[in-house]
Amino acid sequence: MRPRVIVNVAMSADGKISTIERRQVKISGQEDFTRVDALKAASDAIMVGIGTVLADDPSLTVKSDANREGRIASGRPEHPVRVVVDSHAKIPLSASILHRGTGTRVIAVSRLAPPVKIAELEKMATVVVAGDAAVDLPLLLERLYAMGIRQLMVEGGGRLIGGLFERGLVDEFYTFIGNIIISGADAPTPADGPGFSVASGFPHLTLVDAKRIGDGILLHWKTGS
């Protein structure tokens, strides 16, 4: 068993989620930020890859007072569990995700992660060893399910999202498309990694909804035809 996986990304009109320097760019506006915060508040956990942590240093906390209060009123923690996929335990011990906001943090590593770093991380987070040379995503999701996580929101980056699609682990996909062009052959896209081919076949999505938000558009997809 695994949680329901909902991927949410904002990308430029040319399909980029950040610049070639991996610098975060403001793509959407306040209305979409409000939607994303509500989606966070409705989720049991939020997951990102280590690249996102190193580039953006996110806290992944719920920002709205009303959303936090709603979680508490329903008997849930103030913030969802925050999960970092970090095969080699590269996360800085000063990372915001380890310190800002209350609640549980999970750092998912492989068996190649340095034991000394794991010992330090265990003072601040739950460390889950899943996989030999890299984090085994299906195994990690099984472990998260066993922890009581039923809805998992994924915010990036492209390599993690690509890996989830590759293994058939995505259930819903929200893409906000903004009104800017970022460009760059090496700039990250919503689903990076080795990629699919005609021979291997492609994941297919079903469009659930399309909604204009400001000068952009939000597409809501479900996997499967």
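Two rings, from Phe173 and Phe165, have their centers less than 6.0 Å apart.
Minimum heavy-atom separation, Ser74 to Arg71: OG-O, 2.8 Å. In this structure, Lys26 and Ile180 approach most closely via the heavy-atom pair O-CD1, 4.2 Å. Residues Met11 and Pro190 approach most closely at SD-CG, 3.4 Å, considering heavy atoms. Heavy-atom minimum distance, Ala133 versus Ser110: O-OG, 3.5 Å. In this structure, Trp221 and Thr175 approach most closely via the heavy-atom pair NE1-OG1, 3.4 Å. Val62 approaches Pro80 most closely through the heavy-atom pair CG2-CD, 3.5 Å.
Under a cut-off of 6.0 angstrom, the local environment of CG in Asp209 is crowded, with over 12 non-hydrogen atoms contributed by other residues, nucleotides or ligands. Within 6.0 Å of CD1 in Ile118 there are more than 12 heavy atoms belonging to other residues, nucleotides or ligands.
Separation of atoms CD1 (Ile177) and OG (Ser28) is listed at 12.0 Å; rounding is to 0.5 Å. Rounding to the nearest 0.5 Å places NZ of Lys63 at 8.0 Å from NE2 of His79. Put simply, OH on Tyr145 and CG on Asp44 are 10.5 Å apart, with the number rounded to the nearest 0.5 Å. The distance from atom CD of Glu78 to atom CD of Glu69, rounded to the nearest 0.5 Å, is 9.0 Å. The CZ atom of Arg4 sits 16.0 Å away from the CD1 atom of Ile149 when rounded to the nearest 0.5 Å. Put simply, OH on Tyr174 and CD1 on Ile6 are 6.0 Å apart, with the number rounded to the nearest 0.5 Å.
Under the 4.5 Å side-chain heavy-atom criterion for Ile, Leu, Val, Met, Phe, Trp and Tyr, Val9 and Phe202 are members of the same hydrophobic cluster. Linking Ile, Leu, Val, Met, Phe, Trp and Tyr residues whenever their side-chain heavy atoms come within less than 4.5 Å leaves Ile107 and Leu137 in two separate clusters. No single ILVMFWY cluster, assembled from side-chain heavy atoms under 4.5 Å apart, contains both Ile91 and Val81. Follow the hydrophobic side-chain contacts under 4.5 Å out from Leu152 and you never reach Leu139; the two are in separate clusters. By the rule that hydrophobic residues join a cluster once side-chain heavy atoms approach within less than 4.5 Å of another member, Val83 and Ile97 end up as members of separate clusters.
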Practice item. Please lay out, stage by stage, how Leu160 and Met47 fare under the test side-chain contact (heavy atoms from CB on, under 4.5 Å). Key: CA-CA 9 Å; Leu160 172 59; Met47 185 165 77; 4.2 Å; yes
Practice item. Take Phe176 and Glu31 through the test side-chain contact (heavy atoms from CB on, under 4.5 Å) and record every step on the way to the result. Key: CA-CA 11 Å; Phe176 177 86; Glu31 186 177 352; over 6 Å; no
Exercise for review: Determine, step by step, whether Leu164 and Val154 satisfy the side-chain contact (heavy atoms from CB on, under 4.5 Å) criterion, reporting the C-alpha distance in whole Å, the side-chain angles of both residues, the deciding distance to 0.1 Å, and the verdict.
Suggested key: CA-CA 10 Å; Leu164 291 167; Val154 179; 3.9 Å; yes
Practice item. Give the intermediate values and the outcome of side-chain contact (heavy atoms from CB on, under 4.5 Å) for residues Met153 and Val5. Key: CA-CA 6 Å; Met153 178 183 175; Val5 175; over 6 Å; no
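Evaluation of the salt bridge (charged side-chain N to carboxylate O under 4.0 Å, His left out) rule for Arg111 yields Asp132 as partners, not counting sequence neighbours.
Counting only N and O atoms by type, the side chains of Thr223 and Asp171 include no donor and acceptor under 3.5 Å apart. No side-chain donor-acceptor contact under 3.5 Å links Asp37 and Thr34.
Counting only residues at least two apart or in different chains, salt bridge (charged side-chain N to carboxylate O under 4.0 Å, His left out) contacts with residues 79-105 are absent. Pairs engaging residues 117-130 under the side-chain hydrogen bond (donor to acceptor under 3.5 Å, both in side chains) rule: Glu120-Lys123 [sequence neighbours left out].
Not one N or O on the side chain of Thr52 forms a donor-acceptor pair closer than 3.5 Å with the backbone of Val48. Side-chain N or O atoms of Lys40 include none that pairs as donor or acceptor with a backbone N or O of Ile46 at under 3.5 Å. Checked by atom type and distance alone, the side chain of Ser43 never pairs as donor or acceptor with a backbone atom of Ala45 at under 3.5 Å. A donor-acceptor pair under 3.5 Å is formed between the side chain of Ser64 and the backbone N or O of Asn67. No donor-acceptor distance shorter than 3.5 angstrom exists from the side chain of Arg159 to the backbone of Asp192, with no hydrogens or angles considered.
Considering only heavy atoms from C-beta on, Pro3 stays 4.5 Å or farther from Arg150 through its side chain. Between Pro138 and Leu169, the closest side-chain pair of non-hydrogen atoms falls below 4.5 Å. You'll find the side chain of Thr61 stays beyond 4.5 Å of the side chain of Arg68, heavy atoms only. Residues Asp57 and Ser96 have side chains in contact (heavy-atom distance under 4.5 Å, counting atoms from C-beta outward). A 4.5 Å side-chain heavy-atom check between His220 and Glu172 finds at least one atom pair inside the cut-off. For the pair Ser18/Ile182, no side-chain contact is recorded, criterion being any heavy-atom separation below 4.5 Å from C-beta on. Arg35 places a side-chain heavy atom less than 4.5 Å from the side chain of Asn8. Counting heavy atoms from C-beta outward, Asp14 and Ser183 have side chains that approach closer than 4.5 Å.
One finds no salt bridge joining Arg2 and Glu142 here, because no Lys/Arg side-chain nitrogen approaches an Asp/Glu carboxylate oxygen to under 4.0 Å.
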